[in-house]
K.L.:
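First the structure, then my questions, so here it is.
Start at 1 and go down the list; that is how both ligands and their atoms are numbered.
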Amino acid sequence: MGTEKANEGAPVQLQGEIFRLPLPSSEKPSEIFSNIVHQAQYNPHFLPLKFDQEQAFYATALSVRDQLIKRWNETYFHFHKNDPKQTYYLSMEYLQGRALTNAIGNLEIQGAYADALTKLGYEIEDIADQEKDAALGNGGLGRLASCFLDSIATLNLPAWGYGLRYRYGLFRQRISKEGQEELAEDWLEKFSPWEVVRHDVVYSVRFFGHVEISSTGSRKWVDGEIIQALAYDVPIPGYKTKNTISLRLWDAKARAEDFNLFEFNAGHYESASQLHIKAQQICAVLYPGDTTENGKLLRLKQQFFLCSASLQDIIARFKERRDGKGTYQWTEFPSKVSVQLNDTHPTLAIPELMRLLMDDEGLGWDQAWDVTSRTVSYTNHTVLPEALEKWSQAIIWKLLPRHMEIIEEIDKRFKDMIRATHCDMETKIPVMQILDESNPEKPIVHMANLCVVSSHTVNGVAQLHSDILKTELFVDYASIWPGKFQNKTNGITPRRWLRFCNPELSSIITKWLKSDAWITNLDLLSGLRQFADNVELHAEWSSAKMASKRRLAQYIFHKTGVSVDQNSLFDIQIKRIHEYKRQLLNILGAIYRYKKLKEMSTEERQKATPRTIMFGGKAFATYTNAKRVVKLVNDVGSVVNNDSDINDYLKIVFVPNYNVSVAEILIPGSELSQHISTAGMEASGTSNMKFALNGCLIIGTLDGANVEIREEIGEDNFFLFGAKADNVPRLRKERENGLFKPDARFEEAKHFIRSGAFGSYDYGPLLDSLEGNCGYGRGDYFLVGHDFPSYMDAQDQVDEAYKDQKRWLKMSILSTAGCGKFSSDRTIAQYAKEIWGINPCPVP
Ligand SMILES: *Cc1c(COP(=O)(O)O)cnc(C)c1O
């Protein structure tokens with residue numbers, strides 16, 4: 001922490017006083033007004049010639065930031081003084097979205113800021129709309145990390161996030177005739193008003209080099225290249241509390257001494273600043289392509305950079321806080337520090353903590369291992385074999401020679417332990433070991449195995465997923481360490497995902513529950529159940545939905561030029577494009593619907609439930625089949641949306657560039673959302689929770705958190721279809737071997753595409769992946785063919801239910817009412833109690 005270092009030796013109390021000078025503005029609109037003007041006038045970011053919406057946004061954000069920094073300092077001093085055990089959440093991704101509405105909402109100064117902006121001639125919504133999303137994440141995993149930070153702050157827990165400050169976060173998606181195009185998104189183009197650079201929080205991170213062994217046998221990692229990690233803090237305010245925590249993002253910098261003036265003056269500009277260029281690459285993009293050797297090396301560098309800088313910072317803080325209380329003991333480290341790994345991306349924190357403790361602090365192996373394994377816990381987010389991280393031993397040797405030694409030693413000791421104490425498990429060593437040398441040419445390091453062996457707790461993210469971890473993926477570890485495995489069903493923050501993104505529905509809920517306590521105690525939503533048949537509530541509920549649908553229809557028209565019928569059923573699937581999430585199943589269903597509508601007489605058509613089917617999501621740039629799906633959806637859309645025969649009954653829209661702020665418009669406006677992954681493949685899903693919370697009904701499989709959502713809201717309120725997870729392996733075999741004959745409707749939909757109904761693009765490879773017994777593809781690995789008939793039947797039930805608006809509204813109210821469990825406040829309270837061992841530390 002910067003302030004501590006800067007005031008080294010000064011008593012903490014005095015520092016606290018210095019930072020308790022009054023803020024120039026209070027929460028009064030008139031003072032906010034002058035503060036915004038002050039920010040615009042004296043902030044050197046823009047010429048003072050005009051004060052347009054963009055500048056109004058920056059000035060407003062800077063004014064709010066002052067409020068946040070005040071609270072942030074108070075929180076930090078409070079934690080420092082009380083020295084509670086603290087958790088550090090390590091994640092390669094955070095999908096923060098916009099911050100302004102969230103910050104003034106959490107601080108409850110929304111009204112005051114809205115008034116002040118009105119005085120300046122602006123609507124607060126337009127100003128908030130100027131902000132760029134901080135998209136430092138891909139999808140669910142990154143958004144989860146961001147929801148967690150909101151809940152940690154709200155629950156007054158002493159915990160922080162650590163991540164990387166990518167210059168270009170997730171790409172911006174543009175849709176053209178060719179399908180998806182990726183463009184670099186420079187979220188820092190102007191500047192981010194939310195980050196605070198900490199010039200005094202800098203650590204050196206080493207890469208490459210070699211291990212030196214001293215005469216006493218101690219080992220030291222030396223030489224190689226050194227890059228500096230510089231801290232940027234993003235304040236994260238809790239809701240209705242002073243507690244404001246920090247998301248610390250590391251940026252990479254070369255040292256001035258690494259700039260070769262001699263070379264530069266000789267005209268060799270590139271070689272003069274080589275290390276500066278290399279430093280820039282580290283935080284340039286999230287998930288650089290890793291098909292090349294260089295790409296792999298860069299990703300490993302990013303992961304290590306996050307782990308090393310964060311652990312050095314954590315250790316420095318531990319020593320500082322302990323030093324004030326006499327000397328510290330390393331054995332107390334796990335009672336003061338807990339480190340949570342968000343998936344395997346930060347696995348290198350394990351060997352790095354071991355290295356720091358042994359090589360820098362002089363601990364022996366056993367002591368370092370005891371400290372490390374009592375400090376670190378690991379969250380698994382996937383069971384997909386191709387998504388489980390593996391690194392070649394060679395690349396780790398090259399970049400991190402000391403860490404590879406440590407990993408090998410962990411592996412060796414683990415195997416020795418098995419042989420010594422679990423000899424019945426010896427045959428399982430090949431699947432449990434960390435280092436797989438079955439191909440001696442190319443040994444492989446399994447990061448998930450390293451995490452399981454080294455962590456005190458391993459958790460899945462929904463009950464079904466955690467069960468699969470215990471009974472399949474990690475079954476052998478579970479037999480030796482049954483107590484190590486836990487479930488923590490994901491959650492979402494009710495502030496961003498209901499209170500702020502859907503203010504109309506929020507006020508209705510508050511009105512009927514006679515209190516807004518649900519915002520921090522989401523279980524109270526169950527109080528809506530008693531009004532599920534109330535006609536007055538139905539009227540209010542439906543008018544709130546209509547207002548959100550109207551806003552969404554305007555947004556779609558603005559972004560795509562397609563005008564949609566506001567009285568049609570708004571049906572949506574938004575999430576990363578992936579074969580296991582089965583957008584292909586959805587579009588095949590839509591194609592079949594279109595074909596049938598075409599074949600109907602006008603009278604028959606008039607009985608159909610009109611639908612607007614919306615898709616949104618980004619495909620990874622090198623994921624060919626996912627990009628083909630994006631293209632197909634857009635091609636189908638252009639045919640269907642221009643077919644005047646059926647336009648009153650069907651529209652198909654691809655909403656470009658899905659991200660958090662787009663989600664905040666789409667979710668409140670939707671009525672049916674699709675969560676239709678092959679059972680057993682979606683670890684949890686979190687957008688299913690966002691939709692259900694906003695009264696949007698779900699059509700889905702028994703997968704991830706769908707299972708628990710259905711339990712909570714009642715099975716009558718959920719459109720279920722598809723194979724169950726237990727049956728998937730058997731069905732896959734049958735499908736592969738041609739034992740299963742797909743439904744005629746499925747064949748018809750595929751045939752329609754092949755006939756060229758949606759253009760001449762070659763969809764052959766995509767459609768071939770759906771065939772059972774074929775030499776190519778994966779023999780319909782995702783069971784689209786198997787699930788298609790039950791999916792279509794469930795869609796028929798949706799159409800019927802929508803015709804009965806009274807029934808639909810009741811289901812919608814019961815969806816919201818049943819969502820109490822899916823607050824990330826509940827999830828985080830469980831992590832705090834059952835994994836981290838931390839307690840609330842509220843700022844008085
Ligand atoms: C919630 C969210 C996700 C996760 O969606 P799933 O459907 O659970 O995969 C992805 N992206 C954004 C922008 C989100 O807000």
Side-chain angles (χ1 to χ4, degrees), residues 91 93-99 101-102 132-151 169-173 185 187 286-287 342-343 381-382 384 387 461-462 464-465 489-498 500-502 571-583 585-586 614-620 626 629 655-670 672-678 681-694 696 698-701 703-709 819 822-824 827:
S91 179
E93 299 186 32
Y94 290 89
L95 205 52
Q96 291 282 97
R98 290 173 173 162
T101 306
N102 190 69
K132 285 197 179 208
D133 270 44
L136 309 183
N138 252 303
L141 175 147
R143 185 52 233 171
L144 182 77
S146 295
C147 281
F148 279 6
L149 294 181
D150 184 83
S151 287
L170 191 54
F171 64 86
R172 183 155 64 86
Q173 179 191 53
E185 175 87 285
W187 73 291
L286 167 72
Y287 297 133
N342 193 22
D343 213 335
H381 283 272
T382 182
L384 302 196
V461 290
L464 176 69
H465 168 63
T489 299
N490 282 167
I492 53 167
T493 167
R495 272 72 67 187
R496 182 178 293 267
W497 295 114
L498 178 51
F500 305 142
C501 77
N502 201 345
D571 163 351
I572 192 160
Q573 187 180 21
I574 43 173
K575 44 187 80 236
R576 290 302 299 244
I577 311 290
H578 204 295
E579 283 165 291
Y580 85 81
K581 293 181 183 271
R582 299 200 295 190
Q583 282 91 357
L585 173 60
N586 183 354
M614 292 166 273
F615 291 80
K618 295 175 183 177
F620 194 72
V629 170
V655 185
N657 201 39
Y658 176 54
N659 62 20
V660 171
S661 47
V662 175
E664 287 165 7
I665 300 170
L666 298 178
I667 292 170
S670 303
L672 177 77
S673 74
Q674 306 210 21
H675 306 274
I676 58 178
S677 50
T678 315
M681 301 196 82
E682 184 78 90
S684 162
T686 47
S687 80
N688 42 6
M689 302 170 184
K690 299 168 194 165
F691 281 109
L693 181 62
N694 282 275
C696 174
I698 291 179
I699 179 167
T701 46
D703 199 16
N706 283 357
V707 178
E708 290 156 78
I709 293 175
C819 272
F822 306 105
S823 167
S824 47
T827 314

K.L.:
Side chains of Tyr580 and Glu682 only: does a donor on one sit below 3.5 Å from an acceptor on the other?
P.N.:
yes

K.L.:
Of all the atoms in ligand 1, which lie at a distance below 4.0 Å from a heavy atom belonging to Asn659?
P.N.:
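Near Asn659, the atoms of ligand 1 are 13 (C).
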
K.L.:
Looking only at heavy atoms, what is the nearest atom pair of His578 and Leu384, with distance?
P.N.:
CE1-CD1, 4.2 Å

K.L.:
Val660 heavy atoms, cut-off 4.0 Å: which ligand 1 atoms fall inside?
P.N.:
13 (C)

K.L.:
With backbone taken as N, CA, C and O and side chain as the heavy atoms from C-beta onward, which portion of Trp497 lies under 4.0 Å from ligand 1: side chain, backbone, both, or neither?
P.N.:
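Looking at Trp497 and ligand 1, just side chain atoms fall under 4.0 Å.
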
K.L.:
Check each atom of ligand 1 against the heavy atoms of Gly685 and keep those under 4.0 Å away; list them by number with element.
P.N.:
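Answer, ordered by atom number: 8 (O).
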
K.L.:
Distance under 4.0 Å to a non-hydrogen atom of Gly139: what atoms of ligand 1 satisfy this?
P.N.:
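In order of numbering, the contacting atoms are 10 (C), 11 (N).
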
K.L.:
Mind checking whether Asn138 has an N or O less than 3.5 Å away from an N or O of ligand 1?
P.N.:
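By distance alone, the answer is no.
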
K.L.:
So if I apply the side chain to side chain contact (heavy atoms under 4.5 Å, CB included) rule between Gln583 and each of Ile577, Ile574, Ile676, which one comes out positive?
P.N.:
Ile577

K.L.:
Quick check: closest heavy atoms across Lys618 and Arg172, and the distance to 0.1 Å?
P.N.:
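That would be NZ-CA, 4.4 Å.
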
K.L.:
Students should be able to answer this: which protein heavy-atom is nearest to atom 5 (O) of ligand 1, and at what distance?
P.N.:
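That would be Ser687 CB, 3.5 Å.
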
K.L.:
Output the list of atoms in ligand 1 that are nearer than 4.0 Å to some heavy atom of Lys690, sorted by atom number.
P.N.:
1 (C), 2 (C), 3 (C), 14 (C), 15 (O)

K.L.:
Shortest non-hydrogen contact from His381 to Asn342?
P.N.:
NE2-OD1, 2.6 Å

K.L.:
Got a second to check how far Gln674's CD is from Asp571's CG, nearest 0.5 Å?
P.N.:
4.5 Å

K.L.:
Examine the proximity of ligand 1 to Lys581 and report which part, side chain or backbone, both or neither, has a heavy atom under 4.0 Å away.
P.N.:
side chain

K.L.:
Any idea which heavy atoms bring Ser673 and Cys696 closest together, and the distance?
P.N.:
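For Ser673 and Cys696, the tightest heavy-atom pair comes out as N-SG, 3.5 Å.
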
K.L.:
Could you find the nearest protein heavy atom to atom 12 (C) of ligand 1 and give me its residue, atom name and distance?
P.N.:
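The answer is Tyr658 OH, 3.5 Å.
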
K.L.:
Please could you name the atoms of ligand 1 that Thr686 approaches to less than 4.0 Å, counting only its heavy atoms?
P.N.:
1 (C), 4 (C), 8 (O)

K.L.:
Heavy-atom distances under 4.0 Å are what count here, so tell me which part of Val662 touches ligand 1: side chain, backbone, both or neither.
P.N.:
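Neither; no heavy atom under 4.0 Å.
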
K.L.:
Who pairs with Asp343 by salt bridge (charged side-chain N to carboxylate O under 4.0 Å, His left out), at least two apart in sequence or on another chain?
P.N.:
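Salt bridge (charged side-chain N to carboxylate O under 4.0 Å, His left out) list for Asp343, sorted by chain: empty.
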
